[in-house]
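Just the heavy atoms: all of them, side chains too, but no hydrogens, waters or symmetry mates, feed the values below.
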Amino acid sequence: MRRFVSVAGVAALAALGLGFAPAEAAPSPTHPPAEVDGVAAAFGLTADQARAQLAAQDEAHRIAATLRVPSAGQWFDAAAGTLTVAVTSADAAEKVRAAGAVAKVVTRSQAELDRADAAVRQLVGTGVPGVYGWGVDVRANDVTVDVDRTKKTAATESFLSRARELGVRITETGSSPRQQSGTIQTGNPWWPGGESNCSVGFPVTDSSGAQHFLTAGHCTNDRDQAAYGASGQQNRIGTSNVGGTHSVNAREGDMGVVAVTEAGWTLSASVNTWGQPAVTVSGAAEAMVGDRVCHSGTTSHWQCGEVKYTHKSVDYGGGLVIDDLTWTTACSLGGDSGGGWLLGDKATGLHDGGPSQCVDNPSDGDLSLFQPVAEALAKWQLTLVTGGGGDPGENRTLTNGTDYPIRDYQQVFSPVTSTLTGQAGALAVAVTIRHTCAEDLGVTLLDPDGRGYPLKYSGGSTCTAWNGTRTFTVPGATSPAGGRWQLRVTDYGPGDTGVLDSWSLTL
């Protein structure tokens, strides 16, 4: 299961809905007018009501960043203006209330939810007719399976019979999402070769300072394809998917990179808000369920909505399954693919897919989906182009490629040294491990002061292999940027073997 953090016992890592716990939260941001107006339009609010709701959302994130309580998920309750945390014990509930949040006592722990989700994933396999989504619904404390009733077959009914035995909730709709096709500025159009346009995600630079932008992987499938800024293969920008190693459109995610190589192009931190006051990207952040988020795309332009699910899988058919996407109620249309999603003025995602048309009160089959942006930054070791209050030290990447054997009941420490100054902001960590039992492993990032940010907890009734790279984020770290950082991998079980191949830290 590709996750940014493990969620077994994750309440000690609660910031921004992903479970990280910095010592203190950053000051609440000032919300861009385009965000305020977009949220007001999306939810039928006045501008003042939208500002009040966004301020309450900021407070929910602040409280989440301080919680150190085992939970089964958390979300922003916009109607009440509070953070709600699902817990399984009275003691945990008391701690949640003491922190200023609402506690909801539930029956299923995060580990139980993850096991049920993994069982559904195994049952789905390479695809089931009509089954287009599955994942954890933290507000309902269950695992849901989405089915487009117009595409059901006998095989679907057989699958649903076995799925019900797992205790999951089946939701039937009359539609299902699809991948949308279609200066370098978030939301502007671009053309892959002679194909229909996509949208610019976020401008980025690599470690050498070369210019690129992030977009959807299904827009960059072709290796070394010319990228243009106008239709008819006019106004060349550069080349997408250079070398065939800069695009993913599979279970790992939907994300790709376009290299900006032609003269005259510059990268802008300003988002195209299509007539609204511009938003300047100041960094990256992760969204939690209930958050108000907005996106910019060349077709639907500037649209806002609510995060309904995170880490939820989608099956677009034809063998294309993508795990761990964020699902939202915001409108989107063909051509928006690759465009940037924002949480306030922070980059949070790359547009993946959505409905064939926008509807009021969308069902799961009419939601818009995005790829969390932190994973793309970490995978290709890229730095967001930021402005406004952005920290120039953000997103600098350090790597340790030394192999370290992982042995039973022992710890591995792999260091990197940063020469940056000031405070670390959002952190992205990419960890490459080969191990026979991922459930036996706990992974922690240690800052220069020795403080630990747990990234993955151990636990699970069965063993699954970890072969490849997993990415994690610490959105609100308050550690010093400079000094010796370490990745600690702890093996808590017997009879398995493995190696820490490499890891990288993006400050």
Side-chain angles (χ1 to χ4, degrees), residues 1-13 18-21 70 109-111 114-115 117-119 121-122 248 251-253 311 323-324 374-375 377-381 397-418 424 427-474 477 479 483-507:
M1 183 176 297
R2 194 187 92 245
R3 285 193 183 268
F4 293 83
V5 291
S6 169
V7 288
V10 60
L13 305 171
L18 290 181
F20 296 94
S109 69
Q110 187 66 62
D114 283 347
R115 283 195 293 271
D117 189 27
R121 180 174 299 184
Q122 184 174 13
V248 174
R251 296 204 82 121
E252 182 185 352
H311 301 298
D323 294 327
D324 292 305
E375 187 171 5
L377 294 171
K379 180 177 180 64
W380 290 296
Q381 300 182 15
T397 301
L398 308 165
T399 302
N400 188 324
T402 303
D403 287 357
Y404 291 87
I406 301 172
R407 299 185 174 92
D408 290 345
Y409 302 112
Q410 294 187 26
Q411 291 185 327
V412 169
F413 291 86
S414 179
V416 294
T417 300
S418 167
L427 306 176
V429 184
V431 182
T432 303
I433 284 177
R434 291 178 285 112
H435 198 272
T436 54
C437 186
E439 287 71 20
D440 280 358
L441 302 182
V443 182
T444 301
L445 177 67
L446 301 174
D447 76 1
D449 291 336
R451 178 181 179 180
Y453 293 102
L455 305 179
K456 177 191 178 300
Y457 286 95
S458 63
S461 58
T462 59
C463 280
T464 57
W466 180 343
N467 291 309
T469 302
R470 300 187 185 186
T471 55
F472 311 89
T473 56
V474 185
S479 303
R484 180 183 171 89
W485 294 78
Q486 295 186 90
L487 188 76
R488 182 180 69 201
V489 179
T490 305
D491 189 311
Y492 291 95
D496 45 64
T497 60
V499 174
L500 170 60
D501 282 333
S502 64
W503 71 286
S504 66
L505 169 64
T506 303
L507 293 166

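Under the side-chain contact (heavy atoms from CB on, under 4.5 Å) test applied with W485, the options P415, S479, S414 reduce to a single match, S479. Of the candidates N467, V499, L441, V412, I433 forms a side-chain contact (heavy atoms from CB on, under 4.5 Å) with just one, namely L441. Of the options V416, T432, V489, a side-chain contact (heavy atoms from CB on, under 4.5 Å) to W503 is made by V416 and by none of the others.
The CG atom of D440 lies 12.5 Å from the CH2 atom of W466; values are rounded to the nearest 0.5 Å. Of the inter-residue distances, the one linking L505 atom CG with L487 atom CG reads 9.0 Å to the nearest 0.5 angstrom. Interatomic distance, R121 CZ to R251 CZ, rounded to the nearest 0.5 Å: 5.5 Å. Here CG of D447 is found 10.5 Å from CD of Q486. Values are rounded to the nearest 0.5 Å.
There is no side-chain donor-acceptor pair under 3.5 Å between T506 and Q381. Side-chain atoms of H311 and D117 include no donor-acceptor pair closer than 3.5 Å.
Between R470 and A438, the shortest heavy-atom distance links the atoms NH2-CB, 3.7 Å. Nearest heavy atom pair, residue F413 against residue Y404, reads O-CE2, 3.7 Å. Nearest heavy-atom pair across Q411 and R488 is NE2-CD, 3.6 Å. The heavy-atom pair separating D496 from D408 by the smallest distance is O-OD1, 3.0 Å.
Side-chain atoms of Y457 and Q110, non-hydrogen and from C-beta on, never get closer than 4.5 Å to each other.
Although no hydrogens or angles enter the test, the distance criterion places no donor-acceptor pair under 3.5 Å between the side chain of D449 and the main chain of R451. Between the side chain of Q410 and the main chain of D491, no donor-acceptor pair closer than 3.5 Å is present. Checked by atom type and distance alone, the side chain of T436 pairs as donor or acceptor with a backbone atom of T497 at under 3.5 Å. At distances below 3.5 Å, not a single donor-acceptor pair connects side-chain atoms of K379 with backbone N or O atoms of V248.
Taking A430 as the reference, A378, T469, T471, S504 meet the side-chain contact (heavy atoms from CB on, under 4.5 Å) condition, with sequence neighbours excluded.
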